[in-house]
Amino acid sequence: MLLEDLAAACSAELRLRIVSRQREHAYGVAAASARRYRSALDRSQLLLNVAASLSKTTVLAEVRQTVRDLVISDLKPVYVGLVLVENARKGRLRRLVDETGSAPMERAHETYGLDSGWPTARAARENRTITVADEAELRRDYAPEAVEAFNSLGLSSAVCVPLPGTVVPLGTLVLGWDEAHEIDIVEQALLAALAGYTARAVERALFVENRVTAARQMQEAMLTDLPEIEGVELAALYRPAAATDLVGGDWYDAYPLPGADQGGEDSTAPDVMAVSIGDITGHDLRAATLMGQVRSMLRQADLDHPGGGPARAVGAFEHANTRLDIGASGTLVHAHLRPCPAPQEASWELTWTNAGHPPPLITTPGVPARRLHEHGMMVYPGLAGPERTQNRITLSPGSALLLYTDGLVERTAGTMTEAIDLTAQLLTGHSDQPLAELLDVIMNQVPAPEPGDDIALLALRIPATQPPRTAQAAAAYTEQ
């Protein structure tokens, strides 16, 4: 009887232990499943975040920063880099350099051959994921400079994933860890998807970059060299917006008109010089294209209406802008400059019209710079308004005129009025400097450190000493 009771007790204990172990195993399986599901959920969320965030990027540096910020929180790499195929025909790769300088090796090895001994080059060349388990593998299979870069980043392992392109890979996405990191099949699928999203963002950024580059080249090509006019000094300066994805419609122009606006090739009268500055509404390729049209139309209007003055030229342009449905809108200042007859033959007469543009600044020797406040409404097709008016002022020897676009005086700190006042002070305080140097001073001190708009400056100065003019030229001026 005692043995039966003991056997029953042992059997019960054994069953209890078996059940307990089964329960613990079930808990372990459930916990492992939960971890797998949580990991899968986290990685699915990571891909959703990558897709959403990269869809908003338009700049290559922004693509790299977005990918790095997103994967660091999940995969925990200490380094994330992008290498792009710069020239497939020549077989060149280029790193996207981190401008913070946190990885000096990127600058030291910014470009290298597609056939070189880098794991990133091999991943792009063979169009497959390349893993580096440790430094020993790197030393065995790759170039010494790759080992040097690996060590400078403090890496223990890395993975290089090709960025899929239409025909050949666009480049390589690099992730590095400061400890051993094994890539399982789930993580391989994650990295492949991540590389796909990154590749699409890179393609979009390259497309935008190419468009902006073409637009900037076109815009700058339209900013022609300034003419040489006897008795007048000219200087101009143009600075694009800090944001690389912006291109605008800012422009300046200066050109001589036929003798005293008479239009005759044999006229002996002094030339009239036309100067203008303007800003077409918009920050895109269309704005740059319209700027070129407006600039050319103003020139044509000046030539077709000799003696009509700047207001007549602007009015003629506006008529064509509306009737031909060109659609250009914005602001501008257009002026004519002509030498005065005796006894003021050392001076020049400025006639200008202002279509809603920031006021020009003028300074004369011994007098602080002041604004030319007179202006009319901005240019807008179909917007009826009063006839354009023009104003006149005499520029005596030593006088200077500054025309500028609003990018110069639009600042986050302070008001536009304060910025214009500072510009006027610099124009007065540096009146003894060459015009080109004066514009550099203004450009370095007035606008915001990273201006959000293009800036164009155009300055002219009447030298303090003027060469004598012929009596015939002065007489011709007086007759007109």
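Scope of the values below: all heavy atoms of this structure, side chains included, with no hydrogens, waters or symmetry mates.
Residues Leu460 and Leu337 form a side-chain contact, since some pair of their non-hydrogen atoms from C-beta on lies under 4.5 Å apart. Looking at Tyr252 and Leu237, their side chains never come closer than 4.5 Å, going by heavy atoms from C-beta outward. Residues Asp250 and Met291 form no side-chain contact, since every pair of their non-hydrogen atoms from C-beta on lies 4.5 Å or further apart. Looking at Leu194 and Val71, their side chains come closer than 4.5 Å, going by heavy atoms from C-beta outward. In this structure, the side chains of Leu191 and Thr129 stay at 4.5 Å or more apart for every pair of heavy atoms. Under the 4.5 Å side-chain criterion, counting only non-hydrogen atoms from C-beta, Pro359 is in contact with Ile420. A 4.5 Å side-chain heavy-atom check between Trp348 and Ile229 finds at least one atom pair inside the cut-off. The shortest side-chain heavy-atom distance between Asp134 and Ser157 does not fall under the 4.5 Å cut-off.
Atom CZ of residue Arg286 and atom CG of residue Leu290 lie 4.5 Å apart, to the nearest 0.5 angstrom. Between the CG atom in Leu457 and the CG atom in Leu408 there is a gap of 5.5 Å [rounded to 0.5 Å]. Here CZ of Arg64 is found 9.5 Å from CZ of Arg95. Values are rounded to the nearest 0.5 Å. Rounding to the nearest 0.5 Å gives a distance of 8.0 Å between CD1 of Ile280 and OG1 of Thr331. In this structure, Asn151 CG and Leu153 CG are separated by 9.0 Å, a value rounded to the nearest 0.5 Å. Interatomic distance, CZ of Arg125 versus CD1 of Ile130, reported as 8.5 Å (0.5 Å rounding).
For the residue pair Tyr142 and Trp118, the shortest heavy atom distance occurs at CD2-C, 3.9 Å. The nearest pair of heavy atoms linking Leu438 to His430 is CD1-CB, 3.5 Å. Taking all atoms of both residues into account, the shortest heavy-atom contact from Val174 to Cys160 is CG1-SG, 4.3 Å. Contact detail for Ala301 and Ala313: the closest heavy-atom pair is CB-O, 3.4 Å. Shortest non-hydrogen contact noted between Val294 and Ala328 is CG2-CB, 3.6 Å. Listed here is the closest heavy atom pair of Trp177 and Leu75: NE1-O, 2.8 Å.
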Criterion side chain to side chain contact (heavy atoms under 4.5 Å, CB included) on Leu93 and Leu84, from CA distance to verdict: CA-CA 6 Å; Leu93 295 172; Leu84 302 181; over 6 Å; no
Stepwise side chain to side chain contact (heavy atoms under 4.5 Å, CB included) test for Met443 and Arg239: CA-CA 9 Å; Met443 189 71 83; Arg239 177 183 292 178; 3.0 Å; yes
Intermediate values then yes/no, side chain to side chain donor-acceptor pair (under 3.5 Å), Thr281 and Ser329: CA-CA 6 Å; Thr281 305; Ser329 64; 3.2 Å; yes
Stepwise side chain to side chain contact (heavy atoms under 4.5 Å, CB included) test for Asp302 and Leu298: CA-CA 6 Å; Asp302 265 334; Leu298 266 180; 5.6 Å; no
Verdict with reasoning, Val232 to Ile462, per side chain to side chain contact (heavy atoms under 4.5 Å, CB included): CA-CA 5 Å; Val232 180; Ile462 310 303; 4.2 Å; yes
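Counting only distance, with no hydrogens or angles, the side chain of Glu187 and the backbone of Asp184 share no donor-acceptor pair below 3.5 Å. Between the side chain of Thr363 and the backbone N or O of Ala400, no donor-acceptor pair lies under 3.5 Å. Looking only at distances, a side-chain donor or acceptor of Glu137 sits under 3.5 Å from a matching main-chain atom of Ala133. Here the side chain of Asn444 pairs a donor or acceptor atom with the backbone of Asp440 at under 3.5 angstrom. Looking at Thr415, its side chain does come within 3.5 Å of a backbone N or O of Glu418 through a donor-acceptor pair. No donor-acceptor pair closer than 3.5 Å links the side chain of Thr172 to the backbone N or O of Pro162. Side chain of Ser156 to main chain of Asp178: a donor-acceptor pair is present (N/O by atom type, distance under 3.5 Å, no hydrogens or angles). Using modelled atom types, no side-chain atom of Arg128 and backbone atom of Arg122 make a donor-acceptor pair closer than 3.5 Å. A donor-acceptor contact shorter than 3.5 Å links the side chain of Thr405 to the backbone of Ala456. When atom types are taken as modelled, the side chain of Tyr404 and the backbone of Pro358 share no donor-acceptor pair closer than 3.5 angstrom.
His336 and His334 have perpendicular rings, their planes meeting at more than 60° on a 0 to 90° scale where under 30° would count as parallel.
The neighbour count for Tyr380 OH, taken as heavy atoms of other residues, nucleotides or ligands under 6.0 Å away, does not exceed 12. Counted within 6.0 Å of NE2 on His109, heavy atoms from surrounding residues, nucleotides or ligands total more than 12; the atom is thus considered enclosed.
Residues Tyr238 and Asp454 have side chains that bring a donor and an acceptor to within less than 3.5 angstrom of each other.
Taking the charged nitrogens against the carboxylate oxygens, Arg92 and Asp115 have no contact shorter than 4.0 Å, which rules out a salt bridge. The pair Arg68-Asp98 counts as a salt bridge, with a side-chain nitrogen and a carboxylate oxygen less than 4.0 angstrom apart. Note on Arg299 versus Asp253: salt bridge recorded, some NZ/NE/NH1/NH2 to OD/OE distance being below 4.0 Å.
Exactly one of Leu426, Leu458, Leu402, Leu427 qualifies for a side-chain contact (heavy atoms from CB on, under 4.5 Å) with Leu439. That residue is Leu402. Checking Asp421, Leu422, Thr423 one by one against Val409, the side-chain contact (heavy atoms from CB on, under 4.5 Å) holds for a single residue, Thr423.
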